[in-house]
Structure formats: structure tokens, C-alpha cells
Enquirer: 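Have a look at this one before I ask anything.
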2 protein chains.
Amino acid sequence: MILDSETKAVELPDDHGTELRLWLRLLTCTTLIEGEVRSRLREKFDVTLPRFDLMAQLDKVSDGMTLSDLSKRMMVSNGNVTGLVERLVESGHLDRRTSETDRRVQFIRLTKLGRAEFRKMAAEHEKWIADIFGDLSPKDIRELMRLLAKAKGSAQRSAKARSA
Amino acid sequence: MILDSETKAVELPDDHGTELRLWLRLLTCTTLIEGEVRSRLREKFDVTLPRFDLMAQLDKVSDGMTLSDLSKRMMVSNGNVTGLVERLVESGHLDRRTSETDRRVQFIRLTKLGRAEFRKMAAEHEKWIADIFGDLSPKDIRELMRLLAKAKGSAQRSAKARSA
DNA sequence: TGCAATTTCTTTAAACTTCAAGCAATTGGC
DNA sequence: GCCAATTGCTTGAAGTTTAAAGAAATTGCA
């Protein structure tokens, strides 16, 4: 143990091991849960996770969303969304129509079928998530929410500093 | 607001909203950081995240690892690892040799080049992560570690129960 | 021993993903 | 109005990923 002049424990200047371990744990945890959700979606509804995620974004709004909005909210590339939407229009879950005022813009909406199917899946999905986090107390959840918000803020600060 | 007989706020029996919000926040946080790490790896070292992750697994051991070990540790499919290893052998970062006692098994190792390049990247990577989590106090980190461990355990319990 | 089950790895098809380049439309000076 | 910059979206190439099926080798048990 290393102590400073006032006899408090201090870190070595470049020991960044704890942050790295935190990141690996965060990643493991997310990957584990994501894999579980992916399996269940495929098994029960024969749907992929990206499609579910995209429909989840659209379910939040009634009047549709542009491709750019979707890619920002899903934090994936534009080209990615183009392909996903294409396949979901093909399967009858989505509906696209071009903006009247800006012919570059496409508004994407859930069709009646798409919304109905999504709602069924979402109800199950919510139960799965509740079970997956079932061992956490309400207090644990509040603390995690708080600390993750702080981590997110920190990551955004770091990303912004780099790109500046 | 719903109150129980002792006048404390209670949740509706199947309100699983808090767990869902927790999951979304966890996912957002991880996606954000992962994207940032991916960008920096590409920008500074022209390497993809999956390749970095694979080399990170191999760097932990001196005598190599089988493809199955790799796929378990990375939590990805077997076929996925086959392709990644193939490309990394091609580029001279990895080395494969067949087990003498079991001809199905391939031991994969970092080459001298591979290890040298990885070490350089890893040192930078560790600093990036430290910066990304820079706003968190040591106590925040400890708490997050603890709660994520609990979440992981809970998720594993849930996954196991389903597959049983 | 014999052979069914298991394990290790590869292959295949389809989907997902990013990045970079490019096209079309709009916007914002001037 | 003109035109450079920006915005919204698509395309193409390369790579990653999964799920499923299959090949090869080993194991275990009757």
C-alpha cells in the first residue's frame, strides 16, 4: 500500500487498472444480457435484436421518424439503418413515405402489423429484463442508474474532448 | 401514486419499467464507450475492435489457447473466431499449431510481431479507458464494480433457469 | 472392441455493421 | 439568383456476427 504525506492511500500516477477492469466488467455484463435477449427473441418470436431495437424506437412515436433520427437514437451508422429499414419494409412491418417539404427525407413508421407484433414482443421482453435483473433490489437499481448516468456523462465528455 | 397499508409507495405488481430503463441505460453506456474505443483503435492503430479483443485474450497467456477457449472467453460463436484467427494469421499477428495429442485442437499464439503491436495498443487503450471513466471517483468505481457483479450473477441465474 | 455421443473446428448463408464515397436536395451566405 | 457547404440518404467493399449443418477426431461405455 502506498501512502501520501497525509497518510491517505493513493494510486500510482498511471495505474489505470481499476478503470480497465470496470470497463471489462461492464462489457461482459452487457454482452451476456444482450446474448440472452437475442436468443429469446429468436426463439420465441423469430426476430433479430436489431429489428426489435429499430421497432422499439418507432413504437415511441406515432407519426414516424426519419432515417437520421433512427441512426442517431440507435447509435449506429446511416447505412446500417438503410438496410434494416429496407428489410422491415419488405416484411410488411414498416412503412416509408417521402417528406413533402424536403425530398431527401423519408418518414418511417410502423405499420399496423408492425406495431401489433412489436407490442406483443415488447411485453414479453420487459418481463425477461425484469427477471434478468431480478436479484437486484430497488436500491441497487437506483444506484446503478445513478452511476451509469455518471459514467455516460464522463464518456461523453471524453469523446467530445477528443473530437474537438 | 399508490400507497400500501403502511403508507409507503409501492410498485404495481408487474411494473417492470425500472429494470427496463436500467437495461437501456446499461446498453447505451456500453455502446457509447465501445464506439469511442472502436474509433480510436481505427484512427490510431488502424485495427478493428474484434481483432484487438482477440489479441487481448491471447496476451494474457504465454503458451497459447485453443479456438474454443477463445470463443468462450470472447462470448462469440466458434465460426466467428475461425474467421478472425484466419485473418490475423494472414497478417502475421498470430501463429497456429495443431495439438500433438488431439488433432482436432489448434493452439493459437501471438507472434512476436503480434505481441509487440498489441502491447503498444494496449498501453494507449488503458489510458483511453482511464480518461473515459475519469469523472468517476474511486468509490464510484468500487460501487459500480460491485453492482455490475451482482447484475452479472443475476443474469447468469436467469439464463441458466431458462435453458434448464 | 465397437460405436454412439461428444468435442473441436470449419463452412455456409444470411444478416448486420462500419466506413468511405457519392448522389440529390436544401440551406446559407453573398 | 448563385454557388459552396451542409444534410439526408444510398451504395459498395470489407469485415464481423450468428445460427445451423457438417467433417474430423476423440471419448466413454456397453
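Lettering of chains follows the sequences in order, A, B, ..., and the numbering in each one begins at 1. Because the structure is a prediction, the values reported are computed rather than measured.
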Enquirer: Toward the 5' end of DNA chain D, which comes first, A/L67 or A/R38, by nearest nucleotide?
Expert: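 First, find each residue's nearest nucleotide; the 5'-ward one identifies A/L67.
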Enquirer: Among A/E117, A/R42, A/M121, whose side-chain contact (heavy atoms from CB on, under 4.5 Å) with A/F52 holds?
Expert: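 The residue from A/E117, A/R42, A/M121 that satisfies side-chain contact (heavy atoms from CB on, under 4.5 Å) with A/F52 turns out to be A/M121.
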Enquirer: Considering every strand and a 4.0 Å limit on heavy-atom distances, what is the contact class for A/T98: base, sugar-phosphate, or nothing?
Expert: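 It contacts nothing in the nucleic acid.
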Enquirer: Contact class for B/L84 (heavy atom, under 4.0 Å): base, sugar-phosphate, or nothing?
Expert: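 Contact class for B/L84: sugar-phosphate only.
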Enquirer: What's the CG-C1' distance between A/L41 and C/dC16, to the nearest Å?
Expert: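 In whole Å, C/dC16 C1' and A/L41 CG are 15 Å from each other.
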Enquirer: Counting only side-chain N and O atoms of A/R103, is one of them less than 4.0 Å from OP1 or OP2 of D/dT7?
Expert: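 It does not, given that no N or O in the side chain of A/R103 lies less than 4.0 Å from OP1 or OP2 of D/dT7.
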Enquirer: Answer yes or no: does a side-chain N or O of B/R87 lie under 4.0 Å from OP1 or OP2 of D/dA14?
Expert: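 Result: no.
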Enquirer: Indicate, with a heavy-atom threshold strictly under 4.0 Å, whether A/N80 touches base, sugar-phosphate, or nothing.
Expert: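 Since a base atom lies under 4.0 Å of A/N80, the category is base.
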Enquirer: Which sits closer to the 5' end of DNA chain C, A/D102 or B/G35, going by the nucleotide each is nearest to?
Expert: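 Closer to the 5' end of DNA chain C: B/G35.
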Enquirer: Once you apply a heavy-atom cut-off of 4.0 Å, does A/S99 come out as touching a base, just sugar-phosphate, or nothing?
Expert: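 No contact.
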Enquirer: Which part of the nucleic acid does B/S77 contact within heavy-atom distance under 4.0 Å: base, sugar-phosphate only, or nothing?
Expert: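 If one applies the 4.0 Å heavy-atom cut-off, B/S77 turns out to touch a base.
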Enquirer: Look at the side chain of B/R104 against the base of D/dT26 and say whether a donor-acceptor pair falls under 3.5 Å; ignore hydrogens and angles.
Expert: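 No.
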Enquirer: Grab the CZ-C1' distance between A/R97 and D/dG8 for me, whole Å please.
Expert: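 Those two atoms, CZ and C1', are 16 Å apart.
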Enquirer: On DNA chain C, nearest-nucleotide positions of A/E100 versus A/V76: which is more 5'?
Expert: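 With A/E100 and A/V76 compared, the 5'-side residue is A/V76.
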Enquirer: Between A/R40 and A/E36, does any side-chain N to carboxylate O distance fall below 4.0 Å?
Expert: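 A/E36 and A/R40: salt-bridged.
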Enquirer: Within this structure, what is the CG-to-P distance between B/L88 and D/dG15, rounded to whole angstrom?
Expert: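 Taking atom P of D/dG15 as the reference, CG of B/L88 is at 11 Å.
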Enquirer: Measure from CZ on B/R51 to P on D/dT17 and round the result to the nearest Å.
Expert: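 After rounding, the reported distance stands at 11 Å.
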Enquirer: Scan B/Q156, B/K150, B/R157 and name whichever one has a side chain to side chain donor-acceptor pair (under 3.5 Å) with A/D135.
Expert: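 Among B/Q156, B/K150, B/R157, the one that satisfies the side chain to side chain donor-acceptor pair (under 3.5 Å) with A/D135 is B/R157.
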Enquirer: Kindly say if A/R42 contacts the phosphate of D/dT17, meaning a side-chain N or O under 4.0 Å from OP1 or OP2.
Expert: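 Answer no for this pair, as no side-chain N or O of A/R42 is under 4.0 Å from OP1 or OP2.
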Enquirer: Could you state the atom-to-atom distance from CD of B/E43 to P of C/dT18 in whole Å?
Expert: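 Checked: the CD to P distance equals 17 Å.
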Enquirer: Look at all strands and tell whether A/T82 reaches a base, only sugar-phosphate, or nothing, counting heavy atoms closer than 4.0 Å.
Expert: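 Base contact.
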Enquirer: Tell me the interatomic distance from A/L70, atom CG, to C/dC16, atom P, rounded to whole angstroms.
Expert: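 It is 14 Å, rounded to the nearest whole Å.
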Enquirer: Look up atom CH2 in A/W23 and atom OG1 in A/T28, then write down how far apart they are to the nearest 0.5 Å.
Expert: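 The CH2 atom of A/W23 sits 9.5 Å away from the OG1 atom of A/T28.
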Enquirer: Mind checking whether B/M65 and B/R109 have side chains closer than 4.5 Å, heavy atoms only?
Expert: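 In short, these two side chains do not touch, never coming nearer than 4.5 Å.
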Enquirer: Between D/dT10 atom C1' and A/E86 atom CD, what is the distance in whole Å?
Expert: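 After rounding, the gap between these two atoms is 9 Å.
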Enquirer: Any side-chain N or O of A/T48 below 4.0 angstrom from OP1/OP2 of C/dC16?
Expert: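 For C/dC16, OP1/OP2 do have a side-chain N/O of A/T48 under 4.0 Å.
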Enquirer: Below 4.0 angstrom, N of the basic side chain to O of the carboxylate: do A/K127 and B/E19 qualify?
Expert: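 No salt bridge links A/K127 with B/E19.
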Enquirer: Using atom CG of B/D46 as one end and atom P of D/dA14 as the other, report the distance to the nearest whole Å.
Expert: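 One finds 14 Å between P of D/dA14 and CG of B/D46, rounded.
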